[in-house]
Amino acid sequence: MDFIEIEKKWQKKWKEDKIYSFNTARRDKKYYTLEMFSYPSGAKLHVGHWYNFGPSDSFARFKSMQGYEVFEPMGFDAFGLPAENYAIKTGIHPQDSTLKNIATMEHQLQAMGGMFDWDYEVKTCMPDYYKWTQWIFLQLYKAGLAYRKEAPVNWCTSCNTVLANEQVVDGHCERCGSQVVRKNLTQWFFKITAYAEELLRDLDKLDWPEKTKAMQRHWIGKSTGGEIEFTCESGDTFRVFTTRADTIFGVSYVILAPEHPLVDKLTTPEHKAEVEAYKLACSKVSEIDRMSSTREKTGAFTGAYCLNPVNGERVPIWIGDYVIYSYGTGAVMGVAAHDERDYDFAKKYDLLIKRVIKSADGSCDDLPYCEYGVMVNSGKFDGMTSEEGKVAVVKWLEESGKGELKTNYRLRDWLISRQRYWGCPIPVIHCPHCGEVAVPEEDLPVKLPYNVDFTPDGKSPLLKSEEFMNCTCPKCGAPAKRDPDTLDTFVCSSWYYLRYPDAHNDKQAFDPEIINKMLPVDKYIGGAEHACMHLLYARFFTKALRDLGYLKFDEPFTSLVHQGTILGPDGFKMSKSRGNVVSPDDYVSKYGSDAFRFYLMFGFSYTEGGPWNSSGIESIVKFLERMERLVLKIKDMPSSSKQIGAAEKELLYTLNYTIKRVTEDMEVFSFNTAIARIMELVNAMYKYDAEKEKDGELMKDCADKLVLLLAPLVPHIAEELGSVLGKPYPIYRRPFPKCEEKWLVKDEYELAVQVNSRIKAKIVVPVDADNKQIEQIALDCNAVKDAIGAMNVVKVIVIPKRLVNIVAK
RNA sequence: GCCGAUGUGGCGAAAUGGCAGACGCAAGGGACUUAAAAUCCCUCGGGGGCAACUCCGUACCGGUUCGAGUCCGGUCAUCGGCACCA
């Protein structure tokens with residue numbers, strides 16, 4: 001069989017017959033399978049795309065054969081930084097390169113032979129899509145979920161431009177090598193923190209990998225404690241967040257983040273120079289480095305003091321880079337005796353270390369003592385446990401308005417504005433009279449202009465486009481300016497799954513009636529690297545749009561699977577710079593798309609991935625040919641039938657066992673074991689074929705079922721074989737074989753007998769034997785008797801279907 | 001650094017706490033063939049033994065259990081994420 005030829009043949013026919021069109025009349029049987037859409041940064045599909053889409057498509061076909069009306073759309077996440085950088089380097093416009101890449105990828109995806117329904121394709125960079133991205137932004141804006149505030153960006157002083165984290169290498173600009181600093185700009189945010197609690201709580205109802213849920217939980221980072229107000233000698237106040245209010249009598253100093261707005265005000269003239277120098281140094285250190293717990297703690301004294309609200313002690317105010325402005329209140333109290341970091345800091349700068357917690361049993365007197373214990377040197381709280389004290393202290397402070405119990409989240413609001421060209425324009429107008437004004441919905445989309453100078457020179461590229469920037473205020477009609485920033489591409493990808501089922505609606509982002517039937521997504525498949533960002537943002541969008549009345553469900557993705565990563569043959573992540581990139585095209589053109597996806601499914605554990613190794617693909621081709629020879633041979637057999645004997649029973653057992661296991665394995669994306677079972681079936685059929693007398697009818701039934709089992713995995717080959725056998729077309733609409741349990745029932749089975757956990761014998765027992773009988777058969781066995789010898793049997797453990805373990809001494 | 005994961009033959013990998021290595025690849029041997037390819041059959045973790053058999057073996061150290069690749073504690077190594085790559 002020429003795989004390449006039959007793939008062409010069936011793809012042509014499938015396309016002509018439009019067999020993969022989603023049947024909207026069967027929405028009640030819908031199964032929405034979604035693969036994370038691709039980013040068209042390279043011109044071609046890479047192995048990772050194949051590994052995501054090929055097996056997922058096989059899963060979708062499996063669901064289809066189970067009677068579901070499968071919805072499997074495809075599209076492109078088309079805005080983003082790489083296209084812009086490519087343009088800066090080559091002069092090719094991002095729109096041109098992106099659309100060209102998309103065209104190539106569409107072509108390749110079609111050659112893959114997936115059951116994607118292209119009628120629902122979306123491309124996020126097209127106005128008919130981003131119009132609705134802007135509309136959603138406006139809905140969130142009107143609901144108070146989008147706002148502006150100052151936030152730091154990576155800034156290259158030489159290129160005079162904002163840099164993405166990936167463009168910063170060891171604190172220096174990847175393009176020109178100069179030092180990168182952090183600089184504050186006014187930026188747009190989505191208030192995802194308003195949903196922190198629900199985003200955390202609803203994780204419990206999702207069928208997602210536990211590790212992904214754990215990562216989101218940590219990312220959201222809920223902690224309960226108290227917010228406590230300190231008053232400075234200058235009269236200014238600030239708040240600290242602490243989970244250990246029980247240690248407050250031991251405060252040795254407080255630390256503000258270097259970016260804290262009070263710093264400039266509080267710093268005394270004699271400390272000004274030192275503080276300024278320290279702030280500058282901090283602006284050059286990345287946040288990841290700042291959070292490192294092994295890095296030496298540094299700080300600078302402001303010269304100012306505040307008062308400890310519980311005992312009026314005079315406390316020095318420092319700044320230090322281990323305090324992050326965006327987390328909590330951007331200020332912490334330092335309790336040197338009971339916190340590692342604070343202890344190191346106090347030792348280094350020779351600050352007060354005062355013990356206020358003792359271990360409950362007095363067993364540990366070393367400092368720092370970071371465990372819970374009993375309060376001492378704490379006035380009226382002496383003797384109270386930490387657990388009680390951390391609440392009691394805050395409640396006491398609450399009476400004087402100086403404290404409150406508070407739940408804090410590590411989760412920060414989502415920074416969505418980018419000072420870049422290739423993204424979705426933000427639909428806001430800045431009017432000198434009216435201030436911030438939302439673009440009226442009827443004026444959407446705010447189109448991204450084509451002719452824009454996007455070379456980096458310190459300004460948002462759109463700022464340099466007169467045609468784009470100048471407009472009139474929708475409220476007062478005065479000349480006004482558009483917002484020059486574009487949206488983070490994660491905004492575009494946070495709702496595409498809502499657009500797919502109603503992709504061509506030009507009146508609305510989506511028809512609520514349709515999507516409330518089509519969503520949530522039943523199976524979402526994509527990389528684990530999205531665990532915290534994309535997957536959290538999409539959940540946030542769903543919840544926000546639900547609260548705005550558009551959606552009737554709480555979560556976008558009921559069930560989630562992460563495919564693993566295919567690494568280069570050297571075991572490292574594929575990258576051009578390493579030169580270890582494997583191109584799927586070479587294999588696909590040589591062996592065909594079926595063989596290639598079959599190999600991807602057989603050679604790796606789907607959720608693990610691993611280093612690429614091409615040696616197995618030839619063997620896959622051999623297997624497919626061996627299977628084909630068998631089917632064709634059976635086709636020409638006489639249809640004689642015969643009394644069911646031992647050989648037939650064995651074949652029927654293997655057939656039905658295979659069906660059962662393949663069904664279970666496909667359900668959980670265990671493609672490699674499903675294929676292993678199918679290989680066993682083929683081996684069993686060959687074995688039966690060697691019998692002198694055989695049942696032609698049985699063989700034909702086996703062959704038909706074999707082809708059906710293979711249909712999701714190698715769709716073109718199965719379609720061809722199905723057609724050769726004279727079976728109905730298309731094969732993916734035929735029911736998946738069902739296991740007939742009666743053939744799995746055996747009269748007896750073998751199990752192992754251990755003596756002191758070492759296998760000594762194999763015994764055969766009747767299938768209905770109870771534990772007592774099994775025990776007796778085991779003890780009667782000669783090999784077991786020899787092994788026990790003169791010892792006494794202490795205990796016999798019988799695990800039916802598994803083994804017997806005899807404990808003897 | 002923090003968070004999450006992974007570690008099993010020469011290789012890809014299987015194993016609801018129950019016979020480690022299913023299914024394949026590679027390798028070796030054999031059949032068919034004038035020959036080759038293709039195909040088919042057998043062997044295939046390591047040590048010891050003529051053999052029956054026996055000992056060791058799932059990164060490393062320890063623990064729980066009749067029984068641990070699997071559970072618990074610790075160590076090492078590798079990978080993913082850490083908020084402007086997506």
Side-chain angles (χ1 to χ4, degrees), chain A residues 36-39 41 77 79-82 85 151 153-154 162-168 187 192 209-219 221 286-295 326 410-420 488-490 492-493 526-534 536-537 562 564-565 567 571-573 599 602-605 607-613 615-620 622-623 625-626 629 670 672-680 683 686 690 750-759 762 794-797 799 801-808:
Chain A
M36 288 180 184
F37 62 173
S38 351
Y39 180 75
S41 64
D77 188 13
F79 277 134
L81 182 64
N85 284 342
V153 293
N154 298 314
V162 176
L163 297 179
N165 284 341
E166 79 158 5
Q167 296 174 294
V168 181
Q187 311 248 46
I192 190 172
E210 276 310 315
K211 60 171 182 174
T212 308
K213 295 204 260 184
M215 282 167 83
Q216 287 211 356
R217 279 188 196 105
H218 182 260
W219 188 263
S286 78
E287 231 170 64
I288 290 177
D289 289 336
R290 281 174 62 169
M291 287 185 290
S292 164
S293 57
T294 49
R295 204 170 134 259
S326 52
R410 217 174 66 91
L411 182 68
R412 305 182 208 158
D413 276 340
W414 172 15
L415 197 168
I416 51 168
S417 48
R418 299 288 183 268
Q419 293 71 45
R420 304 197 187 279
D488 176 8
T489 53
F490 274 123
C492 308
S493 60
E529 66 275 16
H530 293 288
C532 289
M533 303 182 67
H534 163 64
L536 199 63
Y537 296 150
H562 293 308
T565 314
L567 306 170
F572 292 100
K573 210 174 173 178
Y599 172 61
F602 181 63
F604 302 87
S605 162
T607 54
E608 297 291 320
W612 173 260
N613 178 340
S615 70
I617 191 160
E618 305 264 2
S619 68
I620 283 302
K622 275 188 201 167
F623 167 77
E625 285 169 350
R626 177 172 141 89
R629 278 196 304 276
S670 183
N672 54 347
T673 51
I675 292 170
R677 298 293 88 79
I678 293 174
M679 287 173 166
E680 283 168 348
N683 290 343
Y686 267 107
E750 190 188 69
L751 87 182
V753 183
Q754 299 179 329
V755 175
N756 288 333
S757 306
R758 294 197 178 270
I759 291 175
K762 302 269 168 118
V794 179
K795 194 171 169 187
V796 179
I797 293 140
I799 313 289
K801 307 266 158 81
R802 298 279 182 196
L803 53 53
V804 177
N805 188 11
I806 296 164
V807 185

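Note that the coordinates shown come from a computational prediction; the quantities given were computed from them, not determined experimentally. All chains are named by letter (A, B, ...) in the order of the sequence lines, taking the proteins before the strands, and each is independently numbered beginning at 1.
Residue-level contact check: Phe490(A) touches the bases, meaning some heavy atom is under 4.0 Å from a base atom. Residue contacts shown for Ile799(A) include a base, since a base heavy atom lies under 4.0 Å away. Looking at heavy-atom distances under 4.0 Å, Met679(A) makes contact with sugar-phosphate atoms alone, never a base. Contact annotation for Glu529(A): base contact, defined as any heavy-atom pair under 4.0 Å involving a base atom. Residue contacts for Gly609(A): at a heavy-atom cut-off of 4.0 Å it reaches the sugar-phosphate backbone alone, with no base atom in range. Across all strands shown, Gly80(A) has heavy atoms under 4.0 Å from sugar-phosphate atoms exclusively, and none from any base. Residue Gln187(A) is in base contact, counting any heavy-atom pair closer than 4.0 Å across all strands shown. His534(A) comes within contact range of no nucleotide atom at all, as no heavy-atom separation falls under 4.0 Å. Nucleic acid contact for Phe602(A): base, since at least one base atom lies under 4.0 Å from a heavy atom of the residue. Heavy atoms of Asn613(A) sit under 4.0 angstrom from primed sugar atoms or phosphate atoms, though from no base atom. If you check every strand for non-hydrogen atoms under 4.0 Å, Trp414(A) touches nothing. Using a 4.0 Å heavy-atom distance criterion, Val796(A) is classed as making no nucleic acid contact. Counting non-hydrogen atoms under 4.0 angstrom, Lys762(A) reaches a base of the nucleic acid. Base engagement by Val153(A) is indicated by at least one non-hydrogen atom pair under 4.0 Å involving a base atom.
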Glu625(A) and Lys622(A): CA distance, side-chain angles, deciding distance, salt bridge (Lys or Arg N to Asp or Glu O under 4.0 Å) verdict: CA-CA 5 Å; Glu625(A) 285 169 350; Lys622(A) 275 188 201 167; over 6 Å; no
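Nucleotides A35(B) and A26(B), compared at atom C1', are 25 Å apart to the nearest Å. G21(B) sits 14 Å from G9(B) when the P atoms are compared, rounded to a whole Å. Rounded to a whole angstrom, the distance from the C1' atom of U64(B) to that of C72(B) is 7 Å. G1(B) sits 12 Å from U75(B) when the P atoms are compared, rounded to a whole Å. Rounded to the nearest Å, the gap between the P atom of C76(B) and that of A68(B) is 26 Å. Taking atom P on both nucleotides, C25(B) is separated from U39(B) by 10 Å, rounded to a whole Å. Separation of the P atoms belonging to A14(B) and A59(B) is 15 Å when rounded to the nearest angstrom.
Distance CG/Leu751(A) to CD1/Ile799(A): 10.0 Å, rounded to 0.5 Å. The CG atom of Asn672(A) sits 9.5 Å away from the CZ atom of Arg677(A) when rounded to the nearest 0.5 Å. Expressed to the nearest 0.5 Å, how far CH2 of Trp414(A) lies from CE of Met533(A) amounts to 8.5 Å.
Between His530(A) and Phe490(A), the ring planes are perpendicular. Angles over 60° get that label, and only those under 30° would be called parallel. A perpendicular orientation is assigned to the rings of Tyr599(A) and Trp612(A), their planes being inclined by more than 60° (bins at 30° and 60°).
A distance-only check finds no donor-acceptor pair linking the side chain of Gln187(A) to the backbone of Ile416(A) [under 3.5 Å]. In this structure a side-chain-to-backbone donor-acceptor pair under 3.5 Å is present from Tyr686(A) to Arg626(A). Side chain of Asp77(A) to backbone of Ser38(A): no donor-acceptor contact under 3.5 angstrom is found.
In this structure, Arg412(A) does not reach the A83(B) phosphate: none of its side-chain N or O atoms is under 4.0 Å from OP1 or OP2. Checking the phosphate oxygens (OP1, OP2) of G67(B), no side-chain nitrogen or oxygen of Asn756(A) falls inside 4.0 Å. When the side-chain nitrogen and oxygen atoms of Arg626(A) are compared with OP1 and OP2 of G24(B), none of them lie within a distance under 4.0 Å. Here Ser619(A) does not reach the OP1 or OP2 of G24(B): none of its side-chain N or O atoms lies under 4.0 Å away.
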statement: Pairing string of RNA chain B (Watson-Crick or G-U wobble, both atom distances under 3.5 Å; | = paired to other strand) is (((((((..(((.....[....))).(((((.......))))).((((....))))..(((((..]....))))))))))))....
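Between C66(B), A86(B), U6(B), one nucleotide has an atom nearer to the side chain of Glu608(A) than all others, and that is U6(B). In this structure, of C19(B), G4(B), G24(B), it is C19(B) that holds the atom nearest to the side chain of Ala752(A). Of the candidate nucleotides A22(B), G81(B), C56(B), C56(B) has the atom lying nearest to any side-chain atom of Arg758(A). The side chain of Asn805(A) approaches C66(B) more closely than any other nucleotide in the set C66(B), A83(B), G4(B). Considering only the side chain of Ala676(A), C23(B) comes nearest among A5(B), U16(B), C23(B). The Asn672(A) side chain lies nearest to A13(B) when the options are A13(B), G67(B), C85(B). Closest contact between the side chain of Tyr39(A) and the listed nucleotides A86(B), A14(B), U6(B) involves A86(B). Residue Met215(A) has its side chain nearest to G4(B) when only C84(B), G4(B), C82(B) are considered.
Between the P atom of U39(B) and the CD atom of Glu618(A) lies a distance of 11 Å, rounded to the nearest Å. Going from atom CH2 of Trp612(A) over to atom C1' of C25(B) covers 14 Å, rounded to whole Å. If you take CZ of Phe604(A) and P of C11(B), they are 15 Å apart, rounded to a whole angstrom. Taking atom NE2 of residue His562(A) and atom C1' of nucleotide G81(B), one finds them 11 Å apart after rounding to whole Å. Across the protein-nucleic acid pair, Ile416(A) atom CD1 and A83(B) atom P stand 18 Å apart, rounded to whole Å. Distance, Ile759(A) CD1 to C55(B) P: 12 Å, rounded to whole Å. Whole-Å rounding puts the Ile620(A) CD1 to C25(B) P distance at 9 Å. Rounded to a whole Å, the CG atom of Leu803(A) is 11 Å from the C1' atom of G17(B).
The 5' end of RNA chain B is approached more closely, in terms of each residue's nearest nucleotide, by Tyr599(A) than by the other of Asn154(A) and Tyr599(A). Nucleotides of RNA chain B nearest to Arg629(A) and Ser417(A) differ in position, and the one nearer the 5' end is that of Arg629(A).
Comment: Lys213(A) engages Glu210(A) in a salt bridge, judged by a side-chain N to carboxylate O separation of less than 4.0 angstrom.
Counting distance only, with no hydrogens placed and no angle test, the side-chain atoms of Arg677(A) and the base atoms of C23(B) include no donor-acceptor pair under 3.5 Å. For C84(B), its base sits under 3.5 Å from the side chain of Gln419(A) at one donor and acceptor pair at least.
No side-chain heavy atom of Phe602(A) sits under 4.5 Å from any side-chain heavy atom of Ser619(A).
G9(B) has its base syn relative to the sugar, with a glycosidic angle deviating from 0 by at most 90°.
Of all heavy-atom pairs spanning Val153(A) and Val162(A), the tightest one is CB-CG1, 3.9 Å.
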